[in-house]
Amino acid sequence: MRRRLVSLVAAGVTVVGLSLPATGAEKTREVAPGVELTSLTLGARDADDRWTVHVYLPALPDGPLGSAGTALGPRGTAERVVRELRAKGFAPRMEEVVTPAFADRKAGRLGWVVRLGLFEEEAGAAELLGRVRKAGFAGGTRYTAQDGTDARAPQRVHVLRVDFRKFRGTIGTEFGPTLFGPERLTDLMASTGALAGVNGQWFYDSAPGGLYVKDGKLIGSATRGRAGLMLRDGGRSADVDTYTSRVTLRAGTQSIEVDGVNRQPGVVWNCGGVGGDVPTQKAQHDFRCTDDSELVKFTPEWGAAPSGAGAEAVLDARGKVVAVNASRGAAIPAGGSTVQATGSGAQWLRRNVAVGKTVAFDEQVQDGRGRRVQLTRGTTILQVGPALVRDGRVAVNAQTDGIIREGADQTFTYNWTVRANPRSMVGVDDRGRLLLVVVDGRQAGRSEGLGVARAAELMRQLGAREALNLDGGGSSVMATARDGIVNRPSDSTGQRSLGNALLVRP
């Protein structure tokens, strides 16, 4: 393979040893005083980059092949699939998948994959896949440059640098009219007069997921142990850390922990709740846990509250109980809140909360050292993750942050963590400049995207002393008011609607 190391100079930052040969133009322009946009073309297509057929493995060693759905598995299962393919006249190969080293997990084998053929164009792989499926196997096409192992694969990188020595505006988060209901980045920018922006938090069931503090108000509860970004003073102070939140409801002499804020009761995306999550209490990214006994607080930011069985208390702006309902779904009073409860939580609510009484919430957010975070007016926290860079060093807590899947099926870990995908990141450098970065992906020969480990390395090389992964994949989008969308989102339909966004405002 033809490879070389280079130094890139981008908007005043020397990027040394990035292992990504620059093959195209580097463009930098001023978006506003103190805000610069740099677009880089890095890497190059290699002679070994080809399309292939990726044959899925059964979840169990003796499971059916035609309905198999796991991308990789143990060696014995892969060898069985290889034998079956050879018996049908195909020439398969087995490849070992190894995870890179993370801060809390050593490098090691993740599993084995089975593949067939190598083609210059996807059409050749698609034709072979048709024959493989007709023969009784399941699978898909893959582009080898997107396996996440090639440090010099083609990449299109877009970097917004905000220098607060010159910039007089602010950086913060925004969502649409309500938390429930995603909005496109360009629409959020237009409605707020933003100069530029990138996508922000993950979103599930049409609402952001994870800890969300906006202007000092807790409007989304934390996934325990996951990383987040705290902004103060309009973005002039930025820090990456792990965060937890604890909300306690007090009614007279009785108190109970609230499971969540502004999310569907009983549905715990990414797990890591306060207790009772099934099947795990540990953080598991993009995984749906459940809990049949919960209390969830809803604030006016949510919009129309979900309805269902259980119990519900409606509170005015002073915490006075104006209604206790035998089912859920009442409108949220302006300035007030509702508490929806299911299972034993509903029993507690009926027993301890009465109309005319006053209840109170104690809301706490703690950082990774267990210190309480003061939720002042200028405080914004966006929990996304994983952390990529801490104190100037690559530091990805993959296991703790839940991007390593529990259990035998490691398809998610392989596809989301190891393989290359579009990525969005945020960071801050030693000069206090905020970095908003989007890398295009899933675009064969143009921009392959990055695995998590390579995303962390890129942010470090761009000068970040602290950096965090944002939502990515088809959600990765960057725009400016003058140019519109800057990058090329991977969805064929263009930009997605988002749970929220990070915006640069004048």
Side-chain angles (χ1 to χ4, degrees), residues 172-181 183 191-192 201 206-222 230-232 243 245-265 274 294-308 310-342 345-346 348-366 372-383 499-500:
T173 67
E174 193 54 77
F175 53 90
T178 60
L179 283 170
F180 182 69
E183 295 285 327
S191 65
T192 59
Q201 212 165 11
S206 299
L211 176 64
Y212 189 12
V213 175
K214 181 173 169 58
D215 296 326
K217 185 174 183 179
L218 180 66
I219 55 175
S221 47
M230 181 165 64
L231 298 175
R232 284 189 164 130
Y243 294 96
S245 62
R246 185 182 181 92
V247 179
T248 303
L249 173 63
R250 304 188 187 282
T253 60
Q254 302 300 309
S255 65
I256 190 171
E257 188 165 12
V258 175
D259 294 82
V261 177
N262 289 328
R263 66 165 173 79
Q264 299 284 346
V274 302
E294 287 202 309
L295 283 91
V296 175
K297 178 184 179 182
F298 285 90
T299 69
E301 287 84 359
W302 174 264
S307 60
E312 176 182 68
V314 182
L315 316 174
D316 69 13
R318 295 175 297 173
K320 183 178 179 180
V321 181
V322 297
V324 177
N325 300 323
S327 60
R328 302 181 288 112
I332 305 167
S337 60
T338 64
V339 180
Q340 296 196 358
T342 60
W348 186 95
L349 197 71
R350 295 188 193 100
R351 187 168 59 247
N352 293 285
V353 176
V355 173
K357 300 295 184 180
T358 298
V359 301
F361 294 100
D362 177 37
E363 298 181 346
Q364 297 187 31
V365 173
Q366 293 184 332
R372 184 167 182 172
V373 176
Q374 296 301 314
L375 301 183
T376 56
R377 174 73 179 171
T379 301
T380 293
I381 304 175
L382 201 64
Q383 187 181 47
N500 52 35

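All values reported here derive from a predicted model rather than from experimental measurement. Positions are given from 1 along the sequence.
- Atom-to-atom distance recorded for Arg232:CZ and Thr379:OG1 is 4.0 Å, nearest 0.5 angstrom.
- Under the 3.5 Å distance criterion, the side-chain polar atoms of Ser245 are matched with a main-chain donor or acceptor of Ala222.
- Side-chain atoms of Glu363 do not come within 3.5 Å of backbone N or O of Leu218 as any donor-acceptor pair.
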Next on the checklist: With side chain to side chain contact (heavy atoms under 4.5 Å, CB included) as the criterion, how do Val213 and Tyr243 come out once you've worked through the C-alpha distance, each side chain's angles and the decisive distance to 0.1 Å?
Outcome noted: CA-CA 11 Å; Val213 175; Tyr243 294 96; over 6 Å; no
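- For the pair Asp362 (side chain) and Thr248 (backbone), a donor-acceptor distance under 3.5 Å is absent.
- Side-chain atoms of Ser337 never come within 3.5 Å of backbone atoms of Leu315 as a donor-acceptor pair (strictly under, hydrogens ignored).
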Next on the checklist: Go through it in stages, so that I can follow the logic: the residues are Phe361 and Val261, the test is side chain to side chain contact (heavy atoms under 4.5 Å, CB included), and I'd like the CA-CA distance, side-chain angles, deciding distance and then a yes or no.
Outcome noted: CA-CA 12 Å; Phe361 294 100; Val261 177; over 6 Å; no
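- Checked by atom type and distance alone, the side chain of Asp316 pairs as donor or acceptor with a backbone atom of Arg318 at under 3.5 Å.
- Taken from OH in Tyr212 to CG in Asn262, the straight-line distance is 11.0 Å, to the nearest 0.5 Å.
- Panel note: side chain Trp302, backbone Ala304; a donor-acceptor pair is recorded below 3.5 Å.
- At least one side-chain heavy atom of Phe298 sits under 4.5 Å from a side-chain heavy atom of Pro306.
- Without hydrogens or angle criteria, Glu312 side chain to Gly329 main chain gives a donor-acceptor distance under 3.5 Å.
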Item to check | Derivation of the side chain to side chain contact (heavy atoms under 4.5 Å, CB included) call for Leu295 and Leu349 | outcome: CA-CA 9 Å; Leu295 283 91; Leu349 197 71; 4.2 Å; yes
Next on the checklist: Would Gln264 and Phe180 count as a side chain to side chain contact (heavy atoms under 4.5 Å, CB included) here? Give the steps.
Outcome noted: CA-CA 10 Å; Gln264 299 284 346; Phe180 182 69; 4.3 Å; yes
Item to check | Residues Lys214, Glu301; criterion salt bridge (charged side-chain N to carboxylate O under 4.0 Å, His left out); working and verdict | outcome: CA-CA 11 Å; Lys214 181 173 169 58; Glu301 287 84 359; over 6 Å; no
